[in-house]
Chemist: 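What follows is a structure written as structure tokens; I'll ask about it next.
On a predicted model such as this, the values are computed, not experimentally measured, just so you know. The first residue of the sequence shown is numbered 1, and numbering continues consecutively from there.
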Amino acid sequence: GMSPAAMRYVLDEKADGKSFTAAIINLAVKGYIKLAKKSSGYQITRLDSEPKEAASKGEQLVLQKLLRNQQSMVIDKKYNSKVKTAQAGLTAKIKQEYKEKCFKNNWVYAFIGMGISVLVMLAMLLHHNPGNRSAFGVMGQIVFFALVMFFIFKSKPLGWIPAIGVFIVMSNLNLSVELFVMLGFLIVVNGVFIYLLKAPTPFGRELMDKIEGFKLYLSTAEQNRLEIMHPPQMTPELFEKYLPFALALGVENQWSEQFADYLKQAALDPQEYQPTWYSGHRFDLTGSGSRSFGAISSGMASTLILLKSVV
């Protein structure tokens with residue numbers, strides 16, 4: 001079967017802090033480690049007991065990188081090369097297993113489209129001959145600034161702000177309105193074209209559909225699930241087994257609420273629930289507050305994002 005992090009990658013083409021968090025929690029659920037909330041972050045402790053299930057290749061790599069020569073460690077906001085290496089290794093392993101099988105590599109067509117766009121702009125520049133500048137010189141500046149804008153936009157969450165600054169610099173090239181309109185049109189067309197090229201393979205599409213169905217199962221209320229599916233009976237073991245997948249697919253709160261309903265029907269208090277693989281506080285299974293599983297996932301993921309930003 002697929003790991004939670006692999007499902008997140010195939011469905012959303014994402015391998016991020018939440019993927020790493022899901023891998024950590026899945027290792028805990030399977031009995032490899034125990035998690036404990038500390039004031040500075042999250043402590044991971046290796047267990048000597050026999051695990052319940054085998055870990056995926058990516059999860060095994062994470063465990064090896066984090067706890068190679070130690071029994072426990074704390075993931076906090078301080079830079080730690082082991083965490084960085086483990087997260088990068090997980091991403092590389094998932095891409096190695098699923099990228100070529102699930103996604104078409106159509107970048108050759110994208111570059112052909114961009115090359116045609118460059119020729120169109122060059123033809124217009126030769127026709128208009130702006131100022132005393134060489135058309136090829138102006139074209140070189142446009143290509144240079146376009147590349148700068150692209151890499152700035154891709155490298156920062158608010159990359160559009162410096163990209164606007166680069167656009168203002170471009171405005172000093174004394175280009176005509178027609179050239180600016182054509183440049184904007186070609187950028188939009190190429191953007192749409194590149195987006196449409198991100199088509200999955202037939203195998204990838206089939207896998208996505210299965211993951212979407214599983215996500216629907218995790219997020220749908222029990223009464224509705226019984227009407228359209230034949231789900232296994234909810235138990236604490238089933239809830240914990242699928243929890244990492246719910247975290248990876250972004251439906252952890254809905255899945256937790258279903259488990260809370262099960263506990264209420266069994267005359268048990270959801271506030272008293274505590275998984276054996278986690279310590280720190282009891283969980284709120286009925287909401288999305290600071291004591292929910294979603295908050296734990298977001299907290300660990302944000303710690304990883306902050307850690308990455310100081311690298």
Chemist: With sequence neighbours left out, write down each residue that passes ring-ring contact (aromatic ring centres under 6.0 Å, His included) with Y32, or none if nothing qualifies.
Modeler: none

Chemist: Check whether any side-chain heavy atom of L27 lies under 4.5 Å from a side-chain heavy atom of Q60, and answer yes or no.
Modeler: no

Chemist: Kindly give the heavy-atom pair with the smallest separation between L61 and A86, and that separation in Å.
Modeler: CD2-O, 4.1 Å

Chemist: Nearest 0.5 Å, what's the OG1-NZ distance between T91 and K14?
Modeler: 13.5 Å

Chemist: Any non-hydrogen side-chain atom of L66 less than 4.5 Å from a side-chain atom of V83?
Modeler: yes

Chemist: Is there a chain of hydrophobic side chains (I, L, V, M, F, W, Y, each step under 4.5 Å between heavy atoms) that links L268 to W255?
Modeler: yes

Chemist: Is any side-chain heavy atom of Y262 less than 4.5 Å from a side-chain heavy atom of P236?
Modeler: yes

Chemist: Is the closest side-chain heavy-atom distance between L263 and D269 below 4.5 Å?
Modeler: no

Chemist: Can any side-chain N or O of R46 pair as donor or acceptor with the backbone N or O of I33 at less than 3.5 Å?
Modeler: no

Chemist: Hey, what do you get for CD (E237) to CD (Q233), rounding to the nearest 0.5 Å?
Modeler: 11.0 Å

Chemist: For E240, give me all partners under side chain to side chain donor-acceptor pair (under 3.5 Å), at least two apart in sequence or on another chain.
Modeler: Y273, W277

Chemist: Can you give me the closest heavy-atom contact between A22 and A248, atom names plus distance?
Modeler: CB-CB, 3.9 Å

Chemist: What distance separates I44 CD1 from I24 CD1, expressed to the nearest 0.5 Å?
Modeler: 4.0 Å

Chemist: Shortest non-hydrogen contact from S72 to T45?
Modeler: CB-OG1, 3.5 Å

Chemist: Does any part of the side chain of P275, heavy atoms only, come nearer than 4.5 Å to the side chain of F239, both counted from C-beta?
Modeler: no

Chemist: List for me each residue that meets side chain to side chain donor-acceptor pair (under 3.5 Å) alongside K82, sequence neighbours excluded, and say none if there are none.
Modeler: Q70

Chemist: Per the salt bridge (Lys or Arg N to Asp or Glu O under 4.0 Å) rule, what does the pair list look like for residues 52-70, sequence neighbours excluded?
Modeler: K30-E59

Chemist: With rounding to the nearest 0.5 angstrom, report the NZ to OH distance, K37 to Y42.
Modeler: 5.0 Å

Chemist: Can you measure from OG (S56) to NZ (K93) and round to the nearest 0.5 angstrom?
Modeler: 9.5 Å

Chemist: In Å and rounded to the nearest 0.5 Å, what is the CG to CD1 distance from L218 to I211?
Modeler: 11.5 Å

Chemist: Is it the case that the side chain of Q258 and the backbone of T220 share a donor-acceptor pair, with hydrogens and angles ignored and the cut-off at 3.5 Å?
Modeler: yes

Chemist: I want to check something: taking the side chain as every heavy atom from C-beta on, are M2 and V10 in contact at a cut-off of under 4.5 Å?
Modeler: yes

Chemist: Keeping to residues at least two apart or across chains, list the salt bridge (Lys or Arg N to Asp or Glu O under 4.0 Å) pairs with something in residues 207-219.
Modeler: R205-D209, E206-K210

Chemist: I need the minimum non-hydrogen distance between M208 and L11, along with the two atoms involved.
Modeler: O-CD1, 4.1 Å

Chemist: For L249 and M7, what are the C-alpha separation, side-chain angles and deciding distance, and is it a side chain to side chain contact (heavy atoms under 4.5 Å, CB included)?
Modeler: CA-CA 8 Å; L249 299 176; M7 283 195 181; 4.3 Å; yes

Chemist: With A5, which residues qualify under side chain to side chain contact (heavy atoms under 4.5 Å, CB included), at least two apart?
Modeler: S3, S19, L90, I94

Chemist: Not counting sequence neighbours, which residues clear side chain to side chain contact (heavy atoms under 4.5 Å, CB included) with D48? List them please.
Modeler: Q71

Chemist: Can you name the side chain to side chain contact (heavy atoms under 4.5 Å, CB included) partners of E13, sequence neighbours left out?
Modeler: Y9, F103

Chemist: With sequence neighbours excluded, what pairs up with F214 under the ring-ring contact (aromatic ring centres under 6.0 Å, His included) test?
Modeler: Y242, F245

Chemist: Cation over ring, K34 on Y278, under 6.0 Å and within 45°?
Modeler: no

Chemist: Checking A36 now: which residues fulfil side chain to side chain contact (heavy atoms under 4.5 Å, CB included) with it, not counting sequence neighbours?
Modeler: K38, Q43, S279

Chemist: Do you know the tightest heavy-atom contact between V251 and S219?
Modeler: CG1-CB, 3.8 Å

